[in-house]
S.K.: 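Have a look at this one before I ask anything.
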Amino acid sequence: MEIFVRRLPNSTTRLDLMQFISAALKPKWYLLQFSPIGTLGHCDICRIDDPKTKQVEYHGIVQVEPPSVALSLINRLNGELFKTKKVEVRKFFRRSSKRDRRRIQDSQPPNEIIEKRKQDRRRSGITIDFLHAGITSDKVTPTRGLKVLTH
């Protein structure tokens, strides 16, 4: 299961994120029960550039198995401090523009749905870079193997 770590500090390295997750994965005793052991899979840092607001955000996507351990990890780490910043941890959902119900519909949606969509939180024009190694920074540097997605 993949988990999403939101609001990473600007100076976060991939190794820092892996150590943060690994420390939480260590077995512990809870009310005479031993917590299950999980394994850390891949770990990536996403850099999101918003050209409208000129802001840069960093988020992490971490693969943890088995799913039961991932869910307990989400509960344990959500709201914890990571390098002086509170992070939000939740289950990661992959979205595809091909499965967007707003584009598939044949008929005109009702007016209340149209009004709700005007307040949609999805941002257009953002650029997402997956940083596979190194330290995060506010400077954009071209890197080989960098995946860039524009929504």
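The figures that follow rest on heavy atoms only: side chains count, while hydrogens, waters and symmetry mates do not.
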S.K.: To the nearest 0.5 Å, what is the distance between CD on Glu2 and CD1 on Ile61?
M.R.: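 Glu2 atom CD to Ile61 atom CD1 measures 6.5 Å (nearest 0.5 Å).
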S.K.: Kindly determine whether Arg47 and Ile128 satisfy side chain to side chain contact (heavy atoms under 4.5 Å, CB included), including the steps that lead there.
M.R.: CA-CA 6 Å; Arg47 174 191 164 108; Ile128 302 172; over 6 Å; no
S.K.: Set out, in order, the CA-CA distance, both residues' side-chain angles and the distance that settles side chain to side chain contact (heavy atoms under 4.5 Å, CB included) for Ile48 and Val56, then state yes or no.
M.R.: CA-CA 6 Å; Ile48 299 177; Val56 178; over 6 Å; no
S.K.: I need the minimum non-hydrogen distance between Leu25 and Thr39, along with the two atoms involved.
M.R.: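 For Leu25 versus Thr39, the nearest heavy atoms are CD1-C, 4.2 Å.
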S.K.: Check whether any side-chain heavy atom of Val62 lies under 4.5 Å from a side-chain heavy atom of Phe4, and answer yes or no.
M.R.: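 Side chain of Val62 against side chain of Phe4, heavy atoms only: no contact under 4.5 Å found.
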S.K.: If you look at every heavy atom in Leu17 and Gly60, which pair is closest and at what distance?
M.R.: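 It is CD2-CA, 3.9 Å.
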S.K.: Of all heavy-atom pairs between Pro9 and Thr12, which one has the smallest distance, and what is that distance?
M.R.: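 Taking every non-hydrogen atom into account, O-OG1, 2.8 Å.
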S.K.: How many angstroms lie between atom OG of Ser68 and atom CG of Leu73, to the nearest 0.5 angstrom?
M.R.: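 Rounded to the nearest 0.5 Å, the OG-CG separation comes out at 11.0 Å.
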S.K.: Can you name the salt bridge (charged side-chain N to carboxylate O under 4.0 Å, His left out) partners of Glu65, sequence neighbours left out?
M.R.: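 For Glu65 there are no salt bridge (charged side-chain N to carboxylate O under 4.0 Å, His left out) partners, ignoring immediate neighbours.
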S.K.: Can you name the residues that form a ring-ring contact (aromatic ring centres under 6.0 Å, His included) with Phe20, not counting sequence neighbours?
M.R.: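 Phe20 satisfies ring-ring contact (aromatic ring centres under 6.0 Å, His included) with Phe82 once adjacent residues are dropped.
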S.K.: Say you draw a straight line from CZ of Phe92 to SG of Cys46; how long is it, rounded to the nearest 0.5 Å?
M.R.: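 Answer for the CZ-SG pair, Phe92 versus Cys46, is 6.5 Å.
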S.K.: Quick one: pull up CG in Asp129 and CG in Asp49 and give me the separation to the nearest 0.5 Å.
M.R.: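 Output value for this atom pair is 6.0 Å.
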S.K.: What heavy-atom pair brings Thr84 and Leu81 nearest, and what distance separates the two atoms?
M.R.: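 Heavy-atom minimum between the residues: C-CD2, 4.1 Å.
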S.K.: Quick one: which residue pairs count as a salt bridge (Lys or Arg N to Asp or Glu O under 4.0 Å) with a foot in residues 80-89, not counting sequence neighbours?
M.R.: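 Every pair satisfying salt bridge (Lys or Arg N to Asp or Glu O under 4.0 Å) with a residue in residues 80-89: Arg6-Glu88, Arg7-Glu88, Asp16-Lys83, Glu88-Arg90.
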S.K.: Backbone N or O of Pro51 within a donor-acceptor pair of the Lys54 side chain at under 3.5 Å?
M.R.: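 Checking the backbone N and O of Pro51 against the side chain of Lys54, a donor-acceptor pair under 3.5 Å is found.
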S.K.: Give me the atom names and distance for the closest heavy-atom approach of Met18 to Leu40.
M.R.: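 Residues Met18 and Leu40, closest heavy atoms: O-CD2, 3.9 Å.
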S.K.: Quick one: pull up CD1 in Ile3 and CG in Leu71 and give me the separation to the nearest 0.5 Å.
M.R.: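 If we round to the nearest 0.5 Å, Ile3:CD1 and Leu71:CG are 9.5 Å apart.
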S.K.: Treating Asp44 as the side-chain partner and Phe130 as the backbone partner, does any N or O pair qualify as donor plus acceptor under 3.5 Å?
M.R.: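 The answer is no, because no donor-acceptor pair under 3.5 Å joins these two groups.
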S.K.: Which atom pair, heavy atoms only, marks the closest approach of Lys91 to Ile74?
M.R.: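 Shortest heavy-atom contact: N-CD1, 3.6 Å.
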